[in-house]
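Chain naming here is simple, since letters A, B, ... match the order of the sequence lines and numbering starts at 1 in each. This is a predicted model, so every value here is computed, not measured.
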Amino acid sequence: MSLTGLFLITFLTLHLAINLLTLVDKDLFNEASHFMATNIGIQAMQYVLALGFIMHIGLGIVLTLQNKKARPEKYAFNKPSANSQLSSRSMIYTGLLVLVFLVLHLKDYFVELKFGDMNGFNNDYDLVVALFGMWQYTVIYVLAFIALGIHLNHGFQSAFQSLGANHSRYTPTIKKLSAIYCVVVAVGFSAIAIVHFVNS
Amino acid sequence: MNLTLKIYRQDGPNSKGRMETYPVTDISEHMSFLEMLDVLNEQLVNDGKEPVAFDHDCREGICGMCSLYINGEAHGPDRGVTTCQLHMRKFKDGDTIHIEPWRAAAFPIIKDLVVDRSAMDRIMNAGGFVSVNTSGNTQDANAIPIPKVDADKAFDAATCIGCGACVATCKNSSAMLFVGAKVSQLALLPQGQVERTDRVLNMVAQMDEEGFGNCTNTGACEVECPKGISLENIARLNSEFLIASLKAEKK
Ligand code: HEM
Ligand code: SF4
Ligand code: FES
């Protein structure tokens, strides 16, 4: 769980960095996008990434089912808010929301770019920007990014604890980084969608 | 003060449970929660009814026998105390108090609020010990130097009283805080080195066999633990387990 999660985090960081280029310069983004699509190393990593997602999702579902089985009878009166964060208790839900988004996202971009006719556009940038012209799209994307942010609010720092790394000097920094990172991801991706929507 | 108690009742291991409502009156705020239940039981006995079964022994927070899920929290709303140390002054006149047993597949209910926590004993039997020479020539404890930091951490871990509140409060019914404390206590000390690798592997295997859930780091256990056992012990259990898994010889 933790290893696949951290792997997805590195992927996500790179993805965000490249997408932010759409806000900087059209040609720069097209160039980066072209590089990602043609570089053999990156293409090979695509399969590893797919495997990473499948393992993370599979493990997440098995983990959740096992944990549900460990408490067959629920409490009639329970007060989890007294001792834990909502984000840590809703990982499967935020994860599944991200998964639903992922299917949509892959259909619109990955399939179009790789196998489709690019919706008639001749470069990646125009394809990206055109989709955000629809408000429904922008809303779905922003909601998904918020879910992802909540997932990472718990996930980032949790991965270190799962690997056995908890130290009085480093853990407070990891927790701070986690809190900053999840906001950067949610706000960063959302900003891209919103800016393109406003400009369209 | 006067209170309304909503208590889970179950006649035996295989019977169906139900919530029952009992009023209690003239409860002193200086009473402990268990003394309040004693008042209720006296009342029930006088009325010719079956008293509520609940676990208790030392009544001073050291044995780990008392339990109870009170108003949605293990050992009630106070922090750093067991149910026997919970004072009635934490409640207000007219309050309704919900009382339920620990809930976990690994803790079957015996009767009313009493659950069977022997799964934790079996985890201890699987590795929570050190083998020492008991011939009578016991070595002086101070003969082996131990870094102060390690001694302190081992001591903190050793304060776990095995009450099971961590399991009860965890949304996954995970026993990782308990096992983390027990593994840490011995892994940090020189006396625990001999069985270090086998210990963590065997205790974790037993923990899984008993049907406890997996830790997802929600941190609820640390908050509800009456002894303030730290999540650092779960991280140590994770790293001990990882290293032991890599190190263990082929069987
Ligand atoms: C870019 C996407 C994603 C990233 C970066 C990510 C990241 C993470 C990280 C870092 C963890 C913590 C691991 C640990 O503590 O050991 C985690 C846990 C988890 N993830 Fe994801 N995840 C993503 C997508 C998903 C998806 C699509 C699902 C769908 C089921 C999912 C379900 C879960 C579950 C169930 C957990 C563990 C639950 C828990 O700790 O309570 N994740 N994720
Ligand atoms: S870790 Fe804390 S809550 Fe868990 S059994 Fe030990 S004392 Fe009780
Ligand atoms: S009765 Fe011993 S700890 Fe509460």
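With a 4.5 angstrom heavy-atom cutoff, B/E232 touches chain A via backbone and side-chain atoms both. With a 4.5 Å cut-off on non-hydrogen atoms, B/C170 touches chain A through its backbone but not through its side chain. Heavy atoms closer than 4.5 Å to chain A are found in both the backbone and the side chain of B/I234. Neither the backbone nor the side chain of B/L237 has a heavy atom closer than 4.5 Å to any heavy atom of chain A. Contacts between B/Y69 and chain A at a heavy-atom distance below 4.5 Å involve the side chain alone, from C-beta outward. The contact between B/P101 and chain A is made entirely by backbone atoms, counting heavy-atom distances below 4.5 Å.
When each of B/A168, B/S174, B/A104 is scored by its heavy-atom pairs under 4.5 Å with chain A, the top score falls to B/A168. In terms of heavy-atom pairs under 4.5 angstrom with chain A, the leader among B/N71, B/T218, B/V223 is B/T218. Listed options A/K68, A/K74, A/Q66, A/H154 were ranked by heavy-atom pairs under 4.5 angstrom with chain B; first place goes to A/H154. Comparing A/S162, A/P80, A/P72, A/S168 by how many heavy-atom pairs each has under 4.5 Å with chain B, the most go to A/S162.
Cation-pi contact between B/R236 and B/F241: absent, since separation from the ring centre below 6.0 Å together with deviation from the ring axis within 45° is not met.
Smallest separation of non-hydrogen atoms from B/N233 and B/A181: CB-N, 4.0 Å.
Ring geometry for A/H105 against A/F101 counts as parallel: the plane angle stays under 30°, on a 0 to 90° scale with 60° as the upper cut.
At distances below 3.5 Å, not a single donor-acceptor pair connects side-chain atoms of B/W102 with backbone N or O atoms of B/V114. For the pair B/D93 (side chain) and B/N2 (backbone), a donor-acceptor distance under 3.5 Å is present. Between the side chain of B/T169 and the backbone N or O of B/A220 there is no donor-acceptor pair closer than 3.5 Å.
Tested against B/M176, the residues B/L231, B/N238, B/N214 include a single side-chain contact (heavy atoms from CB on, under 4.5 Å) partner, B/N238.
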